[in-house]
Colleague: 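Quick one: the structure is below, questions incoming.
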Amino acid sequence: MKHALSAAIGAVIASLFFLPAAQAQSSDGVLDRIRAKGAISIGYRDASIPFSFVDAQGKPQGYSTDICLEVAHTVKAALGLPDLQVKMVPVNLQNRIPLVANGTVDISCESAVNTIARQGQVDFSYPFFISHTRLLVKDKSGIGELKDLVGKVIALPINSVPERLIRSLIEKDKLNIRIVPVKDNAEGFLALSTDRVDAFATDDILLFGLRGKAPNPSDYKVVGAPLSYDYYGLLVQKNNTVFLSLVNATLSRMARDGRLQALYTKWFAPMGVPLSPDLETIFHVIAVPE
Amino acid sequence: MTYSWNWGVLLQEPYLQWLGWGLALTLAISLSALVIALSVGTAVGVLRSSDHAVLRAVTGAYISVFRNIPLLLQMFLWFFVVPELLPAGAGHWLKRDLPYPEIVTAIVALGLFTSSRIAVQVSAGIDAVPRGQRMAAKAAGLSQLQAYRLVLLPQALRIIIPPLTSEILTIFKNSSVALTIGVYELTTQTQQIQSITYQGFEAFTAATILYVAIAMTVTVIMRAIERRVALPGTTSGGLHVRF
């Protein structure tokens, strides 16, 4: 099972590599813009922990932010611009795609799940993280899987990938589970802690974060087999293949020499989320040779 | 700007259907809340206009509480906090057994919030009726209830039609706050279309047009009501028609 799964993920990722690469070209819109401004603008989020968030001093940091600082190094070397400035631009869920599409942000580095619909507006880099939709429940509830929730209530974040997934699973198996939509993760946790719902489903990495911040983390647990494989990519303006190749090359080199794994440990070990076998496979697959 | 426009997305299934459902829910919530707001608001407004000191104090407190707390906060308090303050059984019923809890909560919260604003208008409308009429009604042998029903309220309600029109327009726009407790009204559906298709500009344009269409319809209906009920020789309504 594990093998088949890894092979499937590998196949999906491998298929990404057959994107038409314009090697003859040496520049594109984004690179021309960076050269003209002498600066690369990197999009960050204020509270997408641990991917991209601001610390107490208001300085952006995180796993994705660190990766993009490496991307900036690559661009600096490729363009021969030793004085290249790095401009950090705040983005949010609503504006990150328009800001990348209109060129305000050269690369958005946070926690965007790659979907086919989103590919209509922006291009995605290689995957650097994979999240699973799972369930946060109370420790004593005895709930272990989605089907244990029959006759019970589940909270789902409005307008999210996990919401659509769980809704389709409930419809497909005709499960009698009532859905309470919630505006954000904080409200989802509030609904669970006040017993309005029996489970809250979203990306497991976010669930671990919520559990960690709970007054009493041991009262809650993250359960269930992964219900989805959602990969996070960096967002780049569409049809800028030279810039996108530089971004992907950065990821490949980091995965190959272990810097990516080290970054993962730096940001995720404190949260108690070890490198999963699936993500390890992905790191192997994106480590394209020179 | 490399945004790729695709107006066709608005006519695709299921997005067209989502907009339809969102519009239906926005209308249902707003109209139900309006019924609560008009009935509670008129009752509170009438009591507020009485000479009874205790009644004035109680209605004044009601208006202060519901008018001064932001609607967003009120929705949140009704949905998440009130069930925790009630006895365990009642709280559990609100959280688990009440059908469509988020929609019911949104209607109640929006209705009571708006009722405090309508109460102020109704009581101001009653105050605007010349004092002599109240005395004349009493002198003519009408009871307090009859004086309100036959003399004061019919005039007061006509006087407040213009501000009431704004209030009704506002209730439709305020219904979008129900998004915060998970109601799939028009704004939520629009955001959902944007988050799935990333054709956000098209979806929000559609929602804008629908909100404007609702507002224009309400304005036309209220103008028609104003004209139809206008009393000849008064300044309440109809004035701009005759001059």
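Reminder, nothing fancy here: chain letters follow the sequence lines and each chain counts from 1.
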Colleague: Given a strict heavy-atom distance threshold of 4.5 Å, which part of A:Val122 is in contact with chain B: side chain, backbone, both, or neither?
Modeller: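 Contact with chain B is absent: no heavy atom of A:Val122 under 4.5 Å.
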Colleague: With a 3.5 Å distance limit and no angle check, can you tell me whether A:Arg118 reaches the backbone of B:Thr197 through a side-chain donor-acceptor pair?
Modeller: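 No, because the side chain of A:Arg118 does not come within donor-acceptor range (under 3.5 Å) of the backbone of B:Thr197.
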Colleague: Got A:Asp195 and B:His92 here, is their nearest side-chain heavy-atom distance under 4.5 Å?
Modeller: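 Side chain of A:Asp195 against side chain of B:His92, heavy atoms only: no contact under 4.5 Å found.
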Colleague: Using non-hydrogen atoms and a 4.5 Å limit, figure out which bit of B:Ile196 sits close to chain A: side chain, backbone, both or neither.
Modeller: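 It is both, since atoms from each part get that close.
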Colleague: Check step by step if side-chain contact (heavy atoms from CB on, under 4.5 Å) holds for B:Thr180 and A:Glu187.
Modeller: CA-CA 9 Å; B:Thr180 189; A:Glu187 270 191 16; 3.7 Å; yes
Colleague: For residues B:Lys95 and A:Thr194, report the shortest heavy-atom separation together with the two atoms involved.
Modeller: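 Between these two residues, the closest heavy atoms are NZ-O, 2.6 Å.
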Colleague: Are A:Arg178 and B:Pro101 close enough that some pair of their side-chain heavy atoms sits under 4.5 Å apart?
Modeller: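 They are in contact (side-chain heavy atoms under 4.5 Å apart), so the answer is yes.
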Colleague: In terms of heavy-atom pairs under 4.5 Å, which option from A:Val153, A:Val182, A:Leu190 contacts chain B the most?
Modeller: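 Most heavy-atom pairs within the cutoff with chain B belong to A:Leu190.
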Colleague: What do you reckon, is NZ of A:Lys37 surrounded by more than 12 foreign heavy atoms closer than 6.0 Å?
Modeller: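 Yes, the 6.0 Å shell around NZ holds more than 12 heavy atoms from other groups.
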Colleague: Could you look at B:Tyr184 and say if it's the side chain, the backbone, both or neither that has a heavy atom under 4.5 Å from chain A?
Modeller: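 When you check distances to chain A, only side chain atoms of B:Tyr184 fall under 4.5 Å.
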Colleague: Under 4.5 Å between any side-chain heavy atoms of B:Arg96 and A:Asp198, yes or no?
Modeller: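 Result yes, sub-4.5 Å side-chain heavy-atom pair found.
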Colleague: At their closest point, which heavy atom of A:Pro181 faces which heavy atom of B:Gly182, and how far apart are they?
Modeller: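 Here A:Pro181 and B:Gly182 meet closest at CG-O, 3.3 Å.
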Colleague: Write down the atom of B:Thr188, the atom of A:Ile158, and the distance for their closest heavy-atom approach.
Modeller: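 B:Thr188 and A:Ile158 have their closest heavy atoms at CG2-CD1, 3.6 Å.
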Colleague: Should the heavy atoms of other residues, nucleotides or ligands under 6.0 Å from CH2 of B:Trp78 be counted, would the total exceed 12?
Modeller: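 No, because the 6.0 Å sphere around CH2 of B:Trp78 holds 12 heavy atoms or fewer from other groups.
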Colleague: Against chain B, label A:Ala155 side chain, backbone, both or neither, depending on which of its atoms sit under 4.5 Å from a heavy atom there.
Modeller: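 Neither the backbone nor the side chain of A:Ala155 comes within 4.5 Å of chain B.
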Colleague: Need one label for B:Gln191: side chain, backbone, both or neither, based on atoms under 4.5 Å from any heavy atom in chain A.
Modeller: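 The answer is both parts of B:Gln191.
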